[in-house]
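What follows is a single structure, written as structure tokens, with notes after it.
As the structure lists them, so they are numbered: ligands from 1, and atoms in each ligand from 1. Everything numeric in this text was worked out from a predicted model, so none of it was measured.
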Amino acid sequence: MLEGEVEEPEILRIYVNNEVAPGGYWWFFPYSLMRGYVNVGLGVRADLKGIHPREQLRKYVLSRPEFKGSKVVKAGGALVPTRRPLTTLVWNGVAVIGDAAYVVNPVHGGGKGSSMISAKCVSEAIVNALSIGNTSATNLWSANICYMRRYGCKQGALDILRYFLQKLSNEDLEFVVSKGLVSGDELNEIARRGRFEVGIIDKILKLASLLTRPSLLLKLRTLVKYMDLIKEHYMNYPSRPEDLSMWVNELRNIIKSYHDVLK
Ligand SMILES: Cc1cc2nc3c(=O)[nH]c(=O)nc-3n(C[C@H](O)[C@H](O)[C@H](O)COP(=O)(O)OP(=O)(O)OC[C@H]3O[C@@H](n4cnc5c(N)ncnc54)[C@H](O)[C@@H]3O)c2cc1C
């Protein structure tokens with residue numbers, strides 16, 4: 001709880017800074033119905049040695065003037081699986097949903113909505129399998145088709161955007177934002193849809209070609225192409241368990257080829 005008033009409490013703020021939150025971001029979400037109360041937090045990549053989110057939060061965020069005299073009302077933390085989904089949510093007699101199935105948006109880490117989508121897809125498949133009297137992978141498979149088409153395809157595409165963003169330095173990020181290549185609203189739109197809309201691509205390519213960073217232009221072109229390829233691959237998710245391993249191999253090849261091009 002803050003001592004002072006929150007300015008513009010209707011705005012949720014996300015800050016990207018590789019020194020403060022390497023590989024992640026910190027957030028400042030005011031509670032609109034409880035004056036002075038804010039949800040503040042920070043996430044980092046889990047594989048970075050010696051970087052603890054609680055320490056980063058204390059050192060860089062809670063030391064800011066707006067937190068002077070503030071009180072911690074509730075604290076907590078957990079791992080967030082910001083990546084593409086499990087390649088299958090079901091198998092013989094087994095089904096997973098939510099974080100256990102890695103159904104989190106890879107860019108912003110939001111997982112509540114997609115957890116509910118996975119729960120809907122899986123529960124419908126379970127009802128169907130039970131009505132047949134056999135919870136085999138084949139009878140539960142509709143859960144995958146349902147989830148991958150609704151949200152998994154977006155997660156797959158956004159996973160390489162996450163990788164791209166995590167590799168950008170603070171200077172690159174500053175460049176992208178200050179030159180207007182991608183605005184905060186546009187990044188939000190990309191994270192929501194899992195693809196760059198044509199208008200955004202045109203603007204980025206026009207602007208980037210006018211600027212002095214041809215390598216960034218090439219990387220952005222590659223990113224857009226591979227995001228579309230991966231999304232399409234998820235839309236062609238196999239219709240039966242027997243074809244899963246071939247589909248997974250093809251997915252791995254696409255991702256490997258993306259990383260090879262960007263090396
Ligand atoms: C710090 C933080 C901030 C986040 N902010 C957002 C956000 O702003 N928006 C958003 O969309 N997502 C956010 N997420 C992600 C989101 O919370 C998760 O993706 C989502 O809650 C996953 O839902 P779930 O049902 O899979 O798992 P959970 O919500 O973790 O639910 C699992 C439940 O199972 C219980 N459980 C565990 N083990 C057992 C057991 N053995 N027996 C019985 N019960 C058990 C747990 O106590 C828990 O209640 C955030 C995550 C974190 C860590």
Side-chain angles (χ1 to χ4, degrees), residues 1-2 6 8-17 20-34 37-48 51-62 64 67 70-91 93-126 140 143-144 146-148 150-159 161-162 165-166 184-185 187-194:
M1 193 179 104
L2 302 183
V6 178
E8 300 179 292
E10 68 283 5
I11 294 179
L12 305 181
R13 297 174 177 83
I14 283 181
Y15 299 90
V16 181
N17 181 312
V20 176
Y25 60 83
W26 72 271
W27 67 88
F28 183 93
F29 295 170
Y31 284 99
S32 55
L33 299 178
M34 293 196 287
Y37 283 80
V38 295
N39 167 354
V40 60
L42 182 147
V44 298
R45 267 174 65 163
D47 59 348
L48 298 174
I51 304 272
H52 194 290
R54 193 175 50 222
E55 272 312 298
Q56 296 292 111
L57 186 73
R58 193 190 53 74
K59 183 168 167 193
Y60 292 102
V61 179
L62 300 182
R64 293 166 63 93
F67 293 103
S70 63
K71 268 200 328 224
V72 176
V73 180
K74 197 172 169 208
L79 284 174
V80 182
T82 46
R83 45 155 290 168
R84 59 186 184 276
L86 275 184
T87 50
T88 172
L89 309 189
V90 296
W91 207 249
V94 179
V96 282
I97 56 168
D99 280 3
Y102 305 163
V103 298
V104 169
N105 185 303
V107 172
H108 55 60
K112 291 176 188 167
S114 43
S115 291
M116 286 189 258
I117 296 174
S118 67
K120 179 180 189 295
C121 292
V122 165
S123 55
E124 284 172 356
I126 291 175
L140 291 168
N144 285 327
C146 167
Y147 182 76
M148 298 307 176
R150 275 185 175 76
Y151 202 87
C153 57
K154 186 166 97 170
Q155 263 186 278
L158 289 176
D159 200 28
L161 174 60
R162 167 190 64 85
L165 292 172
Q166 284 178 333
D185 282 348
L187 188 57
N188 187 29
E189 194 59 15
I190 296 162
R192 211 167 60 79
R193 291 181 184 270

Which is closest to atom 51 (C) of ligand 1 in terms of heavy atoms, Ile14, Val80, Ile97, Val104?
Val80

Looking at non-hydrogen atoms alone, which of Asp99, Leu42, Val96, Asn105 comes nearest to atom 19 (O) of ligand 1?
Asp99

Would you call the rings of Phe28 and Phe67 parallel, tilted or perpendicular, where under 30° means parallel and over 60° means perpendicular?
perpendicular

Give the ring-plane orientation class for Trp27 versus Tyr25, where under 30° counts as parallel, over 60° as perpendicular and anything between as tilted.
perpendicular

Top protein contact for [atom], by heavy-atom distance:
atom	result
atom 21 (O) of ligand 1	Lys112 CG, 4.4 Å
atom 1 (C) of ligand 1	Trp27 CH2, 4.0 Å
atom 23 (O) of ligand 1	Ser115 OG, 3.5 Å
atom 8 (O) of ligand 1	Phe29 CE1, 4.1 Å
atom 14 (N) of ligand 1	Gly109 O, 3.8 Å

Taking only residues two or more places apart in sequence or in another chain, which ones pass side-chain hydrogen bond (donor to acceptor under 3.5 Å, both in side chains) with Ser114?
none

Suppose we screen for salt bridge (charged side-chain N to carboxylate O under 4.0 Å, His left out). Which residues come up paired with Arg150, at least two apart in sequence or across chains?
none

Hey, is [atom] under 4.0 Å from any protein heavy atom?
atom	result
atom 12 (N) of ligand 1	yes
atom 34 (O) of ligand 1	no
atom 48 (C) of ligand 1	no

Closest non-hydrogen contact found for Leu86 with Met148 is O-CE, 3.4 Å

